[in-house]
Amino acid sequence: MPNSWSSSRLDLHIALDTAGGRRSGLESALRAAIRQGRLPAGTLLPSTRGLAQELGLSRGTVSAAYGQLVEEGYLTTRPGSGTKVAEALQRAQAPASPAPAPTSPGHDLRPGLPDVSAFPVRAWLASTRRVLANARPEVFGAGDPQGRIELRNALADYLGRTRGVITTPDRIVITSGYYQGLGLLSAVLAASGTHTAAVEDPGHNIFREVVQRAGLTTLALPVDARGARIEALTRRTGAVFLTPSHQYPTGVPLHPSRRRTLCAWARSTGGLIVEDDYDGEYRYDRQPVGALQGIAPGHVVYCGTASKTLGPALRLAWMVLPSHLVQPVMRAKQQADLYTETLGQLVLADLITTHAYDRHIRAARLRYRRRRELLLGRVAARPGLTAHGVPAGLHTLITLPSDGPAEDQLLARCAQHGLALRGLAELHHDPANRPQGLLIGFAAPSEGAYPAALDALFTVLAPVGAVLRPA
């Protein structure tokens with residue numbers, strides 16, 4: 001194979017100053033590029049002919065410059081191997097290494113994270129091949145702010161079949177994750193005159209902050225054993241943000257009577273219900289609770305995501321909207337980032353329509369069910385420890401007694417043992433004098449790593465002698 005930069009289709013950027021002569025300028029430029037690390041050790045340089053053509057120099061000038069840098073130890077040359085940046089000099093002159101980046105926890109037990117080691121790589125590759133093999137040129141152009149019609153069609157069928165959602169593709173908007181969708185919707189509500197939004201207490205603090213940043217005042221909606229206490233809503237509340245299928249973080253579903261009361265409130269006041277169905281597919285003792293949206297589709301925004309079923313790296317989520325909100329949310333989406341990445345949408349659509357998505361979720365449901373049972377078995381073996389929440393989702397809540405170790409102390413000890421998890425206190429609107437606890441995610445570790453993660457966790461929990469009471 002010819003040893004030239006041009007034939008290998010690589011570019012070399014050199015700031016060539018020929019004020020002191022062409023050869024001297026080329027030598028100085030190459031030295032600077034090597035010292036600065038722009039030409040790392042082992043980099044193959046262009047042939048003398050190729051670089052001479054690129055820079056408009058004579059081949060003899062380039063040969064002389066290369067020879068000088070070989071003499072100085074910057075370059076090495078061997079017949080048949082071309083001219084390369086020397087290894088030893090690069091190491092000797094390399095700048096000091098930056099401070100090491102923060103390392104990942106040894107055991108990741110944070111709630112809401114799936115086992116990304118079980119990502120369906122083969123199915124995703126098969127869908128990708130089909131998508132690319134059949135892709136029209138317009139697929140690689142600018143996208144639709146509402147999302148690809150192929151994915152919206154697939155989701156309309158899938159959500160109706162598996163979650164009881166009542167929708168058509170024209171009422172679905174694809175977003176770059178639930179976080180973005182929540183921000184877009186909150187901004188639309190604030191612009192339309194909504195001032196107050198109720199959010200669960202305890203609830204996801206990061207999402208609460210998104211709602212507040214949009215300009216909405218948040219009303220704390222207490223949560224008990226039947227879910228959010230709907231009676232706290234008033235006629236002045238413009239919207240309510242809920243996790244009705246599996247409340248985050250307590251793990252309880254919204255009671256059927258409260259579902260009915262909530263929908264009646266929305267119909268009588270014109271208020272909007274925003275349903276976060278973040279792990280609605282994962283119910284382990286029976287069929288998952290159907291989506292609230294199916295009861296009042298004209299008053300509920302249904303939000304779903306691929307982050308908990310496939311992985312957060314995909315940045316794919318969807319909102320099923322009442323018809324009057326579709327255009328305002330689309331305009332907000334267009335102003336935010338024009339459109340969500342297209343190819344991932346098409347691959348997910350294929351994954352859904354070929355039922356590979358269903359098969360992946362069924363396998364994940366079995367795997368997570370076993371993990372939850374292992375966790376509960378360890379809890380049951382420790383007198384005084386009590387887990388809470390229905391058999392669903394990707395985490396379990398354990399509350400802490402007032403006379404035992406404080407939550408922040410346990411979290412610090414967890415960190416010392418390489419454990420990452422979340423505490424309950426920060427999820428309350430006002431953490432003072434509220435129940436403390438630990439949210440233990442059982443999905444993120446790989447199959448092989450999960451038992452060791454439980455061992456580390458219960459090593460930390462061993463000194464907790466008092467009974468852990470329900471919230």
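Numbering of residues begins at 1 and proceeds along the displayed sequence.
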> Rounded to the nearest 0.5 Å, what separation is found between the CE atom of M330 and the CD atom of Q146?
Replying inline: 4.5 Å
> Does atom CZ of R49 have more than 12 heavy-atom neighbours from other groups under 6.0 Å away?
Replying inline: no
> What heavy-atom pair brings L44 and G82 nearest, and what distance separates the two atoms?
Replying inline: CD1-CA, 4.2 Å
>> Side chains of Y302 and D277, heavy atoms from C-beta outward: is any pair under 4.5 Å?
In response: yes
>> Any side-chain to backbone donor/acceptor pair from E341 onto L343? Under 3.5 Å, distance only.
In response: yes
> Is the distance between the ring centroids of Y368 and Y282 under 6.0 Å?
Replying inline: yes
> Which atoms form the tightest heavy-atom contact between W318 and A306, and what is the distance?
Replying inline: CH2-N, 3.6 Å
>> Is a donor from one side chain sitting under 3.5 angstrom from an acceptor on the other, for T48 and R59?
In response: yes
> Taking all atoms of both residues into account, what is the closest heavy-atom pair of R136 and E150, and its distance?
Replying inline: NH2-OE2, 4.4 Å
>> Take a 6.0 Å sphere around CD of E138 and say whether it holds more than 12 heavy atoms from other residues, nucleotides or ligands.
In response: yes
> Is it true that a side-chain atom of Q409 and a backbone atom of A406 form a donor plus acceptor pair closer than 3.5 Å?
Replying inline: yes
>> For the residue pair T175 / Q180, report whether a side-chain donor-acceptor contact shorter than 3.5 Å exists.
In response: no
> Does a donor on one side chain sit under 3.5 Å from an acceptor on the other, for S245 and R283?
Replying inline: no
> Centroid-to-centroid, H355 to H360, below 6.0 Å?
Replying inline: no
> Under 3.5 Å, is there a donor-acceptor pair between the R129 and N134 side chains?
Replying inline: no
> What's the shortest heavy-atom distance between V85 and L39, and which atoms?
Replying inline: CG1-O, 3.8 Å
> Under 3.5 Å, is there a donor-acceptor pair between the side chain of S186 and the main chain of G183?
Replying inline: no
> Does the side chain to side chain contact (heavy atoms under 4.5 Å, CB included) test come out yes or no for V379 and I398, once each step is laid out?
Replying inline: CA-CA 9 Å; V379 171; I398 294 178; 4.0 Å; yes
>> Do V300 and V320 have side chains that approach each other closer than 4.5 Å (heavy atoms only, starting at C-beta)?
In response: no
> Are the side chain of H195 and the backbone of L216 linked by a donor-acceptor contact shorter than 3.5 Å?
Replying inline: no
>> I'd like to know if the side chain of S24 reaches the main chain of G21, judged simply by a donor and an acceptor atom lying under 3.5 Å from each other, with no hydrogens or angles considered.
In response: no
>> Contact between V301 and P322 at the side-chain level, heavy atoms closer than 4.5 Å - yes or no?
In response: yes
>> Testing the basics here: between P145 and V173, what is the closest heavy-atom pair and its distance to 0.1 Å?
In response: O-CG1, 4.2 Å
>> Would you compute the distance between atom CG of L184 and atom CD of Q334 and round it to the nearest 0.5 angstrom?
In response: 12.0 Å
> Rounded to the nearest 0.5 Å, how far does CG of L397 lie from CD of Q247?
Replying inline: 9.5 Å
> Given the rule in the side chain to side chain contact (heavy atoms under 4.5 Å, CB included) test, do T77 and L75 qualify, once you have shown the distances and angles that lead to the verdict?
Replying inline: CA-CA 7 Å; T77 183; L75 302 178; over 6 Å; no
> Between D201 (side chain) and H429 (backbone), is there a donor-acceptor pair under 3.5 Å?
Replying inline: yes
>> E281 vs R161, test: salt bridge (Lys or Arg N to Asp or Glu O under 4.0 Å). Steps then yes/no.
In response: CA-CA 12 Å; E281 292 92 348; R161 171 170 55 85; over 6 Å; no
> Judged by atom type as modelled, is there a donor-acceptor pair below 3.5 Å linking the side chain of Q436 to the main-chain atoms of E407?
Replying inline: yes
> Just by distance, do the side chain of T194 and the backbone of A190 share a donor-acceptor pair under 3.5 Å?
Replying inline: no
> Side-chain contact, heavy-atom cut-off 4.5 Å: R370 with R365?
Replying inline: no
>> What I want to check is whether the side chains of K333 and T340 have a donor and an acceptor closer together than 3.5 Å.
In response: yes
>> Run L55 and T61 through side chain to side chain contact (heavy atoms under 4.5 Å, CB included) and show every step you take.
In response: CA-CA 11 Å; L55 299 180; T61 297; over 6 Å; no
> Just checking, is any N or O donor in the side chain of R35 or Y74 under 3.5 Å from an acceptor N or O on the other one?
Replying inline: yes
>> With a 3.5 Å distance limit and no angle check, can you tell me whether R413 reaches the backbone of V460 through a side-chain donor-acceptor pair?
In response: yes
>> With heavy-atom distances below 4.5 Å as the criterion, would you say the side chains of Y284 and R372 are in contact?
In response: yes
>> As a quick check of understanding, evaluate salt bridge (Lys or Arg N to Asp or Glu O under 4.0 Å) for D350 and R130, giving each step before the final call.
In response: CA-CA 8 Å; D350 186 85; R130 281 191 292 270; 2.8 Å; yes
> Is there a side-chain contact between R148 and T342, using heavy atoms and a 4.5 Å cut-off?
Replying inline: yes
> Quick one: does R163's side chain get under 4.5 Å of P288's, heavy atoms only?
Replying inline: yes
> Got a second to check how far L45's CG is from I34's CD1, nearest 0.5 Å?
Replying inline: 6.5 Å
>> Just verifying a value: how many Å separate L321 CG and D170 CG, rounded to the nearest 0.5 Å?
In response: 10.5 Å
> Between F442 and G393, what is the shortest heavy-atom contact and its length?
Replying inline: CZ-O, 3.3 Å
> Please walk me through it: do L439 and L421 pass side chain to side chain contact (heavy atoms under 4.5 Å, CB included)?
Replying inline: CA-CA 6 Å; L439 275 69; L421 42 84; over 6 Å; no
> Would a 4.5 Å heavy-atom cut-off, applied to side chains only, mark L411 and R422 as touching?
Replying inline: no
Quick one: side chains of residues 109-125, donor-acceptor pairs under 3.5 Å with protein atoms, not counting sequence neighbours, listed by atom name and distance.
from, atom 1, to, atom 2, distance (Å)
R110, NE, D108, OD1, 2.8
R110, NE, D108, OD2, 3.4
R110, NH2, D108, OD2, 2.6
D115, OD1, S117, N, 3.0
D115, OD1, S117, OG, 2.4
D115, OD2, S117, OG, 3.3
D115, OD2, R371, NH2, 3.0

> Taking T243 for the side chain and Y248 for the main chain, is one N or O donor matched with an acceptor at less than 3.5 Å?
Replying inline: yes
> Could you walk me through whether R152 and D144 pass the salt bridge (Lys or Arg N to Asp or Glu O under 4.0 Å) check?
Replying inline: CA-CA 11 Å; R152 290 188 282 119; D144 183 344; 3.8 Å; yes
> Do S307 and Y178 have side-chain N/O donor and acceptor atoms under 3.5 Å apart?
Replying inline: no
> If you measure from OH on Y339 to OG on S176, what distance do you get to the nearest 0.5 Å?
Replying inline: 10.5 Å
